[in-house]
Amino acid sequence: MYGNWVLKVYVQPKKITKIKRICWRKTSKKQKNCYINHYIKKPRKEMRQLRRIGVKYICYRVEYERASNYRNVFFSRTKGPYRCRYCNKQLSKDKVFIDHIIPIAKAQKTLSAKLALKLYGCSNVNDIRNLAPACNTCNLKKSDKTGLWVLRGWLGKYKLYWIFLIFLKFLCICFTVIGLVWIFRQIISFCA
C-alpha cells in the first residue's frame, strides 16, 4: 500500500548494505541510482539514521510526485489547437510536450514552489492548472527553472498577453529608431 510520504534514497556503493538495513521495505522499488519507499507517516527514524551514516536522500509528500497519466489527463481536458505557452508557437498534438509549470523537482525540494502551487490553486504538482503545452525547444530551455518561466507559463494561455508583448516590442523598436535619429542629428549638428 502506498502512503502519504515518499523517501528517495540515493545509492552509494560503499554503503549499500547499511542503506538496505535502514530502509528496505516491501514497497521499495529501485530506479536508476536510488531506492523509493512509500510511508504513511513521515519516516523520521529512517531519515535520522541515513543522516547519521551520511547518505543523500529526499523526503516529500506524494502529491509532489510525477503521475504516470498526467499527459492523458491534459489531452482529455483540453482541446486543440495547442500553442506553446512560452513562445506561442502552434503545435500539433503529436509534437506537444506537456510541461509542469512549477517543476516537480522544485516542488519536492523547496517551500517557495509548494507555496506557488497553493497560491495558484493547485492541489498537487500534476493538477491541470500546473500543466502547459510546450514546444520541444522551450521545454528543454525551461527544464526545472522557475522565476520568469512560471510567469510566462501562467500568462501564456491568454491571447491578450501575446498582443501586449507584440505591442511592447513595437514600442521598443519605435523608441530605438527615434533615439538613433536623435543621436544622428546631434552628430550632424556637432560636425557642422
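The figures here come from the full heavy-atom set of this structure, side chains too, leaving out hydrogens, waters and symmetry mates.
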Inset, instruction - Answer yes or no: is there a donor N or O on one side and an acceptor on the other, between the side chain of Arg83 and the main chain of Asn88, under 3.5 Å? - result: yes

Inset, instruction - Report the distance from atom CD of Glu65 to atom CG of Asn124, rounding to the nearest 0.5 Å. - result: 11.0 Å

Inset, instruction - Rounded to the nearest 0.5 Å, what's the gap from SG on Cys87 to CH2 on Trp162? Could you check? - result: 6.5 Å

Inset, instruction - Might you point out which heavy atoms bring Leu91 and Cys84 nearest each other, and give the distance in Å? - result: CD1-N, 3.9 Å

Legend entry - Euclidean distance, Thr176 OG1 relative to Leu171 CG, rounded to 0.5 Å: 10.5 Å

Inset, instruction - Step through the shown structure and confirm whether more than 12 heavy atoms of other residues, nucleotides or ligands are within 6.0 Å of OH on Tyr120. - result: yes

Inset, instruction - Would you check if Glu63 and Val125 make a side-chain contact, meaning some heavy-atom pair closer than 4.5 Å? - result: no

Legend entry - More than 12 heavy atoms of other groups within 6.0 Å of Lys56 NZ: no

Legend entry - Hydrophobic cluster membership, Leu155 vs Leu165, 4.5 Å side-chain cutoff: yes

Inset, instruction - Check whether any side-chain N or O of Asn69 sits under 3.5 Å from a backbone N or O of Asn72 as a donor-acceptor pair, and report yes or no. - result: no

Legend entry - Ring-face cation contact, Trp182 with Arg185, 6.0 Å cut, 45° max: no

Inset, instruction - Taking the side chain as every heavy atom from C-beta outward, state whether Tyr60 and Ile58 have any pair of such atoms under 4.5 Å apart. - result: yes

Legend entry - Other residues, nucleotides, ligands: >12 heavy atoms within 6.0 Å of Arg44 CZ: no

Inset, instruction - Step through the shown structure and confirm whether more than 12 heavy atoms of other residues, nucleotides or ligands are within 6.0 Å of OH on Tyr10. - result: yes

Legend entry - Tyr82 and Phe75 aromatic ring geometry - parallel, tilted or perpendicular at 30°/60° bounds: perpendicular

Inset, instruction - Check whether any side-chain heavy atom of Tyr57 lies under 4.5 Å from a side-chain heavy atom of Glu46, and answer yes or no. - result: no

Inset, instruction - Kindly indicate whether the side chain of Lys95, heavy atoms from C-beta on, has any atom under 4.5 Å from the side chain of Cys135. - result: no

Legend entry - Flag side-chain contact, heavy atom, 4.5 Å: Ile98 against Val96: yes

Inset, instruction - Group every Ile, Leu, Val, Met, Phe, Trp and Tyr by side-chain heavy-atom contacts under 4.5 Å, then state whether Phe74 and Tyr86 land in the same group. - result: no

Inset, instruction - Please check if Leu151 and Ile102 belong to a single hydrophobic cluster, counting links between Ile, Leu, Val, Met, Phe, Trp and Tyr side chain heavy atoms closer than 4.5 Å. - result: no

Inset, instruction - Could you walk me through whether Lys42 and Met47 pass side chain to side chain contact (heavy atoms under 4.5 Å, CB included), step by step? - result: CA-CA 9 Å; Lys42 193 168 186 176; Met47 288 166 47; 4.0 Å; yes

Inset, instruction - Please say whether more than 12 non-hydrogen atoms of neighbouring residues, nucleotides or ligands are located less than 6.0 Å from NZ in Lys15. - result: yes

Legend entry - Aromatic ring pairing Tyr70/His100, orientation class (parallel under 30°, perpendicular over 60°, tilted between): tilted

Inset, instruction - Quick one: do Asn136 and Leu140 satisfy side chain to side chain contact (heavy atoms under 4.5 Å, CB included)? Show the steps, please. - result: CA-CA 6 Å; Asn136 184 31; Leu140 290 173; 3.6 Å; yes

Inset, instruction - Indicate yes or no for a side-chain donor-acceptor contact from Arg129 to the backbone of Gly121 under 3.5 Å, with no hydrogens or angles considered. - result: yes

Inset, instruction - Check whether any side-chain heavy atom of Asn4 lies under 4.5 Å from a side-chain heavy atom of Tyr39, and answer yes or no. - result: no

Legend entry - Under 3.5 Å donor-acceptor, Trp5 side chain and Cys59 backbone: no

Legend entry - Spacing of Leu180 atom CG and Phe175 atom CZ [to the nearest 0.5 Å]: 13.5 Å

Inset, instruction - Verify the cluster assignment for Leu148 and Tyr161: are they in a single hydrophobic cluster under the rule of side-chain heavy atoms below 4.5 Å apart? - result: yes

Legend entry - Beyond-backbone contact of Lys142 with Asp99, side-chain heavy atoms, under 4.5 angstrom: yes

Legend entry - Heavy-atom donor-acceptor pair, Arg85 side chain to Gly153 backbone, under 3.5 Å: yes

Legend entry - Lys109 side chain near Tyr64 side chain, heavy-atom distance below 4.5 Å: no

Inset, instruction - Starting at CD1 of Ile36, measure out to CG of Leu7 and round the result to the nearest 0.5 Å. - result: 10.0 Å

Inset, instruction - Enter the distance from Leu117:CG to Lys106:NZ here, rounded to the nearest 0.5 Å. - result: 13.5 Å

